[in-house]
Amino acid sequence: MDALKAEIALKRKAVHNDAEKRPSKYVRRGELERLKEEEERQAREEKEKERAAKQAAERDAALSRSRQKKTADASSRSTSNTPLPESQDPDSTILESAFNIPNNEAIRRLRAKGQPIRLFGESDRDRRLRLRALELIEERGHEKAGTNDFRKALEDVESVERELRAKNDKGKKKDDGEVNSSAGSVAMVDLGLLKTDPDKLYPVIYYALKRTLKEWEEAMDERPENIKRTHQGKLAAATQVQSAEYLKPLFKTLRSRNLPPDMLVRIAEIVYYMQKRQYQKANDSYLRLSIGNAPWPIGVTMVGIHERSAREKISTDQVAHVLNDEVSRKYIQSLKRLLTFSQTKYPPEDVSQLMG
């Protein structure tokens, strides 16, 4: 009986407390929202307290580990006179050296290396770590990060010029020897072979382009030293080196004789008109090779499912090959540079044949 009375008293007390929390029979929505927000705030405060306690515990554990490591290092240095092994943790050395660099010095070094001064979402500490990583890569002799082909060619111009001056006849490359041996006997391109025997055009185009590239290289080497050392002179030499690098895939394709027929026709026309010093027509062939004369120069060859009256105007020989891939774009652009150099070295007798 006493237990039943105690239970009844407990229920009455709970009902009384609820009545105190809710002052009236009808409760406003604002009061309910306030009570809910207060409960959420209390839960959030408890979570923050737990998180702070956890972080403090982790910090204490990290400090204790660092103290133990320092004491172990000190004991090892005192017991042995040998230097520390190279397998020491590199992160600690990177952090110690990186944090001593001010922000303005880090920005100056990154700009000197051609790197962005800050990446997206990067803090000052991350920027110093990135700068230190770049310096370590350069110290170990690795390839520089963030350089493009033209910048690399520009940096190697002086070394290439020294190699060209120091190179003698027996140190020449095989391709240079082939070009020099056939320099005086390069045959003219016969466009009639395009229909009869296209395979005979491959060696003629190959040696003609090689000869022009070699003449461009010799023209760069024969310039006076005061012109070579200027900024414009270095840019011209870097352009020649870059073009020679870009033309390597084309030469490889010509040696293997697997160039697409439509591209073979345009390149043969370019070389033929370049040999004839008709640079205006050569430029027209270059434009048909690079951007084409199709209504849609991105390579559309089928528009709809029905045959139209102007369907024959859209053919595959009007496709813009410069948009096919990056390799094609590079050596087609280098062909234009060879054409410009040939016009400078061998100007036409008729002024109307000059390119614009």
Side-chain angles (χ1 to χ4, degrees), residues 51-52 54-163 229-246 248-249 325-327 329-331 333-334:
R51 189 183 301 110
K54 186 177 180 180
Q55 290 178 356
E58 292 178 354
R59 194 181 303 111
D60 295 339
L63 289 175
S64 62
R65 285 197 298 269
S66 62
R67 290 196 194 99
Q68 292 176 0
K69 185 176 180 181
K70 287 181 180 179
T71 54
D73 292 341
S75 61
S76 63
R77 283 196 296 270
S78 62
T79 54
S80 176
N81 294 325
T82 58
L84 288 175
E86 296 182 357
S87 62
Q88 189 181 2
D89 188 12
D91 295 334
S92 61
T93 58
I94 291 175
L95 289 174
E96 291 174 0
S97 61
F99 286 149
N100 294 328
I101 300 175
N103 291 332
N104 54 0
E105 179 66 18
I107 292 173
R108 187 188 66 80
R109 292 187 186 181
L110 287 172
R111 283 178 175 167
K113 297 178 185 300
Q115 295 289 329
I117 62 173
R118 188 182 293 276
L119 300 177
F120 180 77
E122 187 180 39
S123 62
D124 294 339
R125 176 177 174 273
D126 296 336
R127 176 169 59 187
R128 289 192 291 265
L129 289 177
R130 179 164 59 90
L131 173 62
R132 181 57 180 164
L134 291 172
E135 291 177 350
L136 289 176
I137 290 175
E138 292 179 1
E139 289 174 1
R140 294 172 185 173
H142 286 238
E143 185 180 359
K144 283 188 176 181
T147 57
N148 53 19
D149 296 334
F150 188 78
R151 184 176 177 184
K152 184 179 178 182
L154 185 60
E155 291 175 353
D156 296 340
V157 162
E158 295 182 358
S159 61
V160 169
E161 289 180 354
R162 286 195 296 267
E163 291 176 1
R229 295 182 183 277
T230 59
H231 181 66
Q232 296 296 330
K234 290 182 179 180
L235 286 179
T239 303
Q240 190 274 329
V241 174
Q242 186 188 43
S243 300
E245 188 69 23
Y246 285 171
K248 286 182 179 180
D325 56 347
E326 190 69 12
V327 178
R329 183 194 66 81
K330 287 180 179 180
Y331 68 68
Q333 182 183 9
S334 300

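Residues meeting the side-chain hydrogen bond (donor to acceptor under 3.5 Å, both in side chains) test with R111, sequence neighbours left out: none. Partners of S334 by side-chain hydrogen bond (donor to acceptor under 3.5 Å, both in side chains), not counting sequence neighbours: none found. With sequence neighbours excluded, the residues that form a side-chain hydrogen bond (donor to acceptor under 3.5 Å, both in side chains) with S123 are D126. Checked against side-chain contact (heavy atoms from CB on, under 4.5 Å), Q55 has the following partners two or more places apart in sequence or in another chain: R51, R59. Residues forming a side-chain contact (heavy atoms from CB on, under 4.5 Å) with E105 (at least two apart in sequence, or on another chain): I101, P102, R108, R109. The salt bridge (charged side-chain N to carboxylate O under 4.0 Å, His left out) check on R127 picks up D124, with sequence neighbours excluded. R67 is linked by a side-chain contact (heavy atoms from CB on, under 4.5 Å) to L63, counting only residues two or more places apart in sequence or in another chain.
Heavy-atom minimum distance, R130 versus P116: NH2-O, 2.9 Å. Annotation for Y331 and Y246: closest pair CB-O, 3.3 Å, computed over non-hydrogen atoms.
A distance of 6.5 Å separates CG of L131 from NZ of K113, quoted to the nearest 0.5 Å. Separating the CD atom in E135 from the CG atom in L110 is a distance of 8.5 Å, to the nearest 0.5 Å.
A 4.5 Å side-chain heavy-atom check between E245 and K330 finds every atom pair outside the cut-off.
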